[in-house]
A.B. asks: 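Here it is, the structure, as structure tokens.
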Amino acid sequence: GLSLLEDTKLQLVERIKAAIVELVHQEDVSTPLKFSDYLSEKIQQSYPYLSTLFSTIENTTIEHFIILQRIERIKELLIYNELSIEEIAYRLGYS
């Protein structure tokens, strides 16, 4: 019943999070995708549905979650000190 539906929605939100983390940590930046297109293709659901579901369950937007993940990735790359700031910016899609 209702708990099964909730479990399915929670699993979908976890898949969204995993897909975002995967894309943020992606090494190949030759084909930058919009996050909305990437999530829709990866999860096979419409982005408006995913966005609404994510916001309802997580009390934050997908966009905010993406920003937080990108910041964490930048901090990680800065700590490793293997890339210049310019290379980090390029890798994460900043100009």
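The first residue in the sequence is number 1, and the count goes up from there.
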A.B. asks: Roughly how far, to the nearest 0.5 Å, is the CD1 atom of I88 from the CZ atom of R70?
C.D. replies: 13.0 Å
A.B. asks: With rounding to the nearest 0.5 Å, note down the distance linking CZ in R73 to CD in Q26.
C.D. replies: 10.5 Å
A.B. asks: Among all residues two or more places apart in sequence or in another chain, which pass the side-chain hydrogen bond (donor to acceptor under 3.5 Å, both in side chains) test with S84?
C.D. replies: E87
A.B. asks: Out of curiosity, L92 CG to H25 NE2, how far, rounded to the nearest 0.5 Å?
C.D. replies: 9.0 Å
A.B. asks: To the nearest 0.5 Å, what is the distance between CG (L50) and OG (S46)?
C.D. replies: 6.0 Å
A.B. asks: How about Y90 and E86: do any of their side-chain heavy atoms sit closer than 4.5 Å?
C.D. replies: no
A.B. asks: Tell me the salt bridge (charged side-chain N to carboxylate O under 4.0 Å, His left out) pairs involving residues 42-61, sequence neighbours left out?
C.D. replies: K17-E58, E22-K42
A.B. asks: With heavy-atom distances below 4.5 Å as the criterion, would you say the side chains of V13 and K9 are in contact?
C.D. replies: no
A.B. asks: Taking atom CG of L39 and atom NZ of K34, what is their separation to the nearest 0.5 Å?
C.D. replies: 11.5 Å
A.B. asks: Say whether Y38 and F54 are linked into one hydrophobic cluster, either directly or through other cluster members, by side-chain heavy-atom distances under 4.5 angstrom.
C.D. replies: yes
A.B. asks: Say whether L10 and Y49 are linked into one hydrophobic cluster, either directly or through other cluster members, by side-chain heavy-atom distances under 4.5 angstrom.
C.D. replies: yes
A.B. asks: Following the transitive rule for hydrophobic clusters with a side-chain heavy-atom cut-off under 4.5 Å over Ile, Leu, Val, Met, Phe, Trp and Tyr, establish whether V24 and V21 coincide in one cluster.
C.D. replies: no
A.B. asks: Measure across T52 and T56 and return the closest heavy-atom pair with its distance rounded to 0.1 Å.
C.D. replies: O-OG1, 2.8 Å
A.B. asks: Rounded to the nearest 0.5 Å, what's the gap from CG on L12 to CD1 on I43? Could you check?
C.D. replies: 5.5 Å
A.B. asks: Each residue besides I79 in its hydrophobic cluster should be listed here, by chain and number; the cluster joins Ile, Leu, Val, Met, Phe, Trp and Tyr at side-chain heavy-atom distances under 4.5 Å.
C.D. replies: none
A.B. asks: Would you mind writing out the side-chain donor-acceptor pairs for residues 61-68 within the sub-3.5 Å range, not counting sequence neighbours?
C.D. replies:
unit_1 : atom_1 : unit_2 : atom_2 : d
T61    : OG1    : H64    : N      : 3.0
E63    : OE2    : Y47    : OH     : 2.6
H64    : ND1    : T60    : OG1    : 3.0

